[in-house]
Amino acid sequence: MATDYKSTLNLPQTDFPMKADLVTREPQMLARWEAMKLYETLQDARRDAPLFVLHDGPPYANGNVHIGTALNKILKDVVVKAASMAGHRAPYVPGWDCHGLPIELKVQKELEKSREQLTSAQMRDRCRKYAEHFVDLQRKQFKRLGVFGDWERPYLTMSPDYEAAIVATFFDMWHQGYIYRDTKPVYWCVTCRTALAAATAEAEYADHKSTSVYVKFPVKSKPGNFVIIWTTTPWTLPANLAIAVHPEFDYVWARVGNETWLVAEALLPVVAQKAGVANYEVISKHKGRELEANNGNGVVARHPFIERDSPVVLATYVTLDTGTGCVHTAPGHGLEDHDTGRRYGLPTLSPVDDSGVLTADAGIFANQHVFKANRPIVEHLKQIGALVAEEEIAHSYPHCWRCKNPIIFRATEQWFINVDHKNLRDKALHEIEKVQWVPAWGFNRIQGMIEERPDWCISRQRDWGVPIPVIKCEACGFVFEEKQYTDQLVALVAREGVDAWFKRSANDLLAGVQCPRCKRPTEFHKAADILDVWFESGVSHRAVLRLRPELKYPADLYLEGSDQHRGWFQSALWTALATEGHAPFKAVVTHGFLMDLETKKKVSKSYGKPQDSDVYVNRFGADVLRLWTISEDYRNDVPLSEEIIERVAGTYRKIRNTFRFLLGNLNDFDPAKDAVPPAKLEELDRWALSRLQGLIKTCHEAYASYEFHRVYHSVNQFCTADLSSFYLDILKDRLYTLGKFSHERRSSQTVMHTMAAALAKLLAPAVPFTADEVWQCLRPGGGREALDSVHLALLPNHDDHLFDGELEARWERLQTLRQVVAVELEKARAKGTIGKSLEASVTLGGGDAETKAMLKYFEPQLPALLIVSQVAIELDRGESFSVKVAPALGQKCARCWRWEPSVGQHTGHPAICSRCVSVVETLEKLN
RNA sequence: GGGCGUGUAGCUCAGUUGGUUAGAGCAGCCGCUUGAUAAGCGGCAGGUCACUGGUUCGAGCCCAGUCACGCCCA
């Protein structure tokens, strides 16, 4: 029995496992939360608390949850959980974007395989099924990430109430005059036969080889004079209606052989070289503005192969980078060209049909496909002697984001939102000043975009979406715009969804209505286009914030990737400004994009890095993935690599072990009965408590300012530097070897208990599974702490009374001393004088007055604080501080492992020190 | 090509209004421990602060340019 002193120690003991095994344990926690209806319970518990609404931007209901989407969702969840724990009622209604081309194309492909022929209503039905499938799949994956929300009642852009809100918003803006129909060049994919939104990610730029040509346009009634233009799209030449020059640039008439050419002075040598002309002579020089056709002496050219004038016009977008300084202008095939054409009253000629075939207006090139027409056109130019030069150039050219084919500009009838109507743009610019942008440069970014953006093209020529709900009378052309009709349509959509629009005839849609103008029983006609899906998601402020009683308008926060400055933030802003008069968000937080650390490029399939969130969840667990998310400063791009996540997993283990140690040593501690009041705490414990206040403060600020990486780093720092290597290391001796009920031990346990509870709460928004697992083991006793989940708790508050700067400063000096001593101990270890530090006796001497005072102050505690067996202090050793390390005196106590002269002096317990003897004797008396 | 950003040790982050030898944790290397043990402790070694040039007595911080990367647009 004399040797079994180990059983007399208070060693840590806990059911909290060291190995997290998150992949199997997290689903169990999810089941527990589900069973206790945690989200609902939390909402109910905060029902009278101030409301905080983060409004979810809907991900697209297609495919698995991408790791980038997981990043976004986790950030949102951290915000929501932190808000809730800061005392808010923070409901989270997740949503999905369900309509749109990607789903329609996927379904179409499936149909092609099975060779099915479906009506558009049947087609829409398939699309709906498809979207529903992925909503279910993604919902599971999002829940698995530990994201709290109203998952059973998410918002879907394809649900009738949402669709009704879309239609209602359209009508609202239509009535106010924001919406117009016009012929305008838009990006057009000839393969998908649809317009693409320029303001969204529907056009991708990629390198493309084009035939560029220099073409002579004869000057009207001046034989031998030519204006030289340059273009990379010869197929648009049939649509040429003008030639643009810059008003401020210098242009010259140059004699080339027996001809006279007009080009920009700066580009003449280049043009001559391309044309293979060695000799030329400048005849006269003019400012661009002097050449303008409607100016008395202006220049009017003739189209080289169509009987038509091509006047010289002015435009400031003309550059001298390439070409001739004389820009081929086809208002039907370019946005800038269209603007110019409009200024000069030119028509919008666009002789190209839906599938990219040139029409009769293209003259002899009719019936040719645009991408195949280049060659014949160039050949024709050559034949008629209009071709100056030809060359292949590689340049960046827009491609369809979906089918990857090159796209064209084509003028079509489209619906637009006039962003300048009723000073909407100015209002937008004013409104964004009132919004809090995080990071702050988000303001500059969106401001620039709002200033520059053209009118918003909101129509698409597709099936899977919400129709542009406009009906007119076939007979007399009357358009049913009045509120009585549109209200009827909105009510219908609210009842049946927009499927009604596709399934019913126009007359049926306006059941019981007669054309008020012609008053004849006649056929009505419904518009064929559908709305841009950005319009749909944009109006979520109306469909969700306004419709859901638990939410509010405007939202406190929108949080998305920085691409949404042009996407959702704007589509929400424009529609909200037009219908509500102000922005739908008070603050906007943006995050960067995932980057592949190895390649320094964005994460993409081609580099073989896994894309699916589930891959990471099933390998590391959601909490590690979440911890990684908050470890990064997401305001910049976020690097992703094996190493990075492994590092974070290491931090996770450190934090977890810290919890395990705390819990293990709290095994016999009941805070209700055993807690030591603050005033009676040991100084070391007061220090730890004071440090905790600093951590609490930092975390509060970090959560409030959305700087989650500061939570990660400060908690990590605290666990490693303050706790693990200092506080807890020193504590081991007193926790293990002193009497169970000793004041010192209870004092430390009191602080450790506070510490564990505080850390669990501080970390709950970040690692919800682990924090709650700790919470269950901690069983914080009594009162409001007796909550079933840490997520029902509030964040700990920084307590000024527990913070003691003076004390911290004093202990910082001690820590410096500790480092100096550690270096000397290491030297002794290297020499073989000692092994562990308890085998050492340390002599400290000399130093400045401050050091001496510090030594004197800490003297009685120094062996414990330095974790050595003896410390001798020799203050009279002069100004220079010295540390000497020698083998400890006495013998090693078999129980507490300190070296003590008292070991061997007690007859009953010859193997242990006097301090341990008294503890053991007390135990013996109890037994 | 344009707009908005980013670039500090192998990794993630700190670096106060420009002011001494640029900090931390992790990883690395070398030890100790075996009573937090697929743990714990200590020590050591890592940086031309992307590059170039300015302003200044002094620049990681200010200015200009270059390069790389990202988002958005052409």
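No hydrogens, no waters, no symmetry mates; every other heavy atom, side chains included, goes into these values. Just so it is clear: chains get the letters A, B, ... in the order the sequence lines come, proteins before strands, and each one is counted from 1.
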d([atom1], [X]; [atom2], [N]) in whole Å:
X: A:Glu632; N: B:G7; atom1: CD; atom2: P; answer: 13 Å
X: A:Lys602; N: B:A68; atom1: NZ; atom2: C1'; answer: 16 Å
X: A:Glu824; N: B:G42; atom1: CD; atom2: P; answer: 16 Å
X: A:Asp729; N: B:A39; atom1: CG; atom2: P; answer: 17 Å
X: A:Asn636; N: B:A68; atom1: CG; atom2: P; answer: 20 Å
X: A:Leu723; N: B:G25; atom1: CG; atom2: C1'; answer: 14 Å
X: A:Met595; N: B:C11; atom1: CE; atom2: P; answer: 13 Å
X: A:Arg566; N: B:G2; atom1: CZ; atom2: P; answer: 17 Å

Which nucleotide, in any strand shown, forms a Watson-Crick or G-U wobble pair with [N], with both distances under 3.5 Å?
N: B:U12; value: B:A24
N: B:C62; value: B:G54
N: B:G31; value: B:C41
N: B:G7; value: B:C67
N: B:G18; value: none

Which nucleotide sits closest to the side chain of [X]: [options]?
X: A:Arg647; options: B:A38, B:C13, B:C26; value: B:C26
X: A:Leu597; options: B:C11, B:G35, B:A24; value: B:C11
X: A:Leu9; options: B:G35, B:C13, B:A24; value: B:G35
X: A:Pro12; options: B:A36, B:G42, B:C13; value: B:A36
X: A:Val823; options: B:U12, B:C44, B:G3; value: B:C44
X: A:Met18; options: B:C71, B:C41, B:A39; value: B:A39
X: A:Lys836; options: B:G42, B:C32, B:A36; value: B:C32

For nucleotides [N] and [M], find the distance between their [atom1] atoms and express it as a whole number of Å.
N: B:A64; M: B:A22; atom1: P; value: 27 Å
N: B:G25; M: B:G19; atom1: C1'; value: 28 Å
N: B:C4; M: B:G23; atom1: C1'; value: 31 Å
N: B:G54; M: B:G2; atom1: P; value: 26 Å
N: B:C49; M: B:C29; atom1: C1'; value: 25 Å
N: B:U48; M: B:C41; atom1: P; value: 30 Å

N/O (side chain, [X]) to phosphate O (OP1/OP2, [N]) under 4.0 Å:
X: A:Ser725; N: B:G42; result: yes
X: A:Tyr736; N: B:A36; result: yes
X: A:Asn444; N: B:G5; result: yes
X: A:His565; N: B:C73; result: no
X: A:Ser837; N: B:C32; result: no
X: A:Lys654; N: B:C41; result: yes

When you check the gap from the basic side-chain N to the acidic O, do [X] and [Y] get nearer than 4.0 Å?
X: A:Asp623; Y: A:Arg25; result: no
X: A:Glu451; Y: A:Arg425; result: no
X: A:Lys601; Y: A:Asp596; result: no
X: A:Arg656; Y: A:Glu773; result: yes

Given RNA chain B, 5'-ward residue of the pair A:Thr658 and A:Ser562, judged by closest heavy atom: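 It is A:Thr658, whose closest nucleotide lies nearer the 5' terminus.
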Upstream residue (5' side of RNA chain B) when A:Arg653 and A:Ser631 are each assigned their closest nucleotide: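 Nearest-nucleotide comparison on RNA chain B picks A:Ser631.
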Glycosidic class, syn or anti, of B:G46 using a 90° window around 0: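 It is syn.
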Candidates A:Asp729, A:Ile655, A:Thr658 - the one meeting side-chain contact (heavy atoms from CB on, under 4.5 Å) with A:Leu723: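 It is A:Thr658, the one option of A:Asp729, A:Ile655, A:Thr658 that forms the side-chain contact (heavy atoms from CB on, under 4.5 Å) with A:Leu723.
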ring centroid sep under 5.5 Å plus plane angle under 30, A:Phe593 with B:G70: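 Whether judged by distance or by angle, A:Phe593 falls short somewhere, so it does not stack on the base of B:G70.
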Test item: A:Arg710 side-chain N/O and A:Ala702 main-chain N/O as donor-acceptor pair under 3.5 Å: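 Between the backbone of A:Ala702 and the side chain of A:Arg710 there is no qualifying donor-acceptor contact (under 3.5 Å).
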Parallel, tilted or perpendicular: rings of A:Trp441 and A:His565 (30°, 60°):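 Geometry flag for A:Trp441 against A:His565: tilted rings.
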Touch class at under 4.0 angstrom, heavy-atom based, for A:Trp897 against every strand present: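 If one applies the 4.0 Å heavy-atom cut-off, A:Trp897 turns out to touch a base.
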Sugar-phosphate only, base, or nothing, as touched by A:Arg895 at under 4.0 Å among non-hydrogen atoms: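 A:Arg895: base contact, heavy atoms under 4.0 Å.
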Stepwise side-chain contact (heavy atoms from CB on, under 4.5 Å) test for A:Ile696 and A:His700: CA-CA 6 Å; A:Ile696 289 170; A:His700 262 286; 3.6 Å; yes
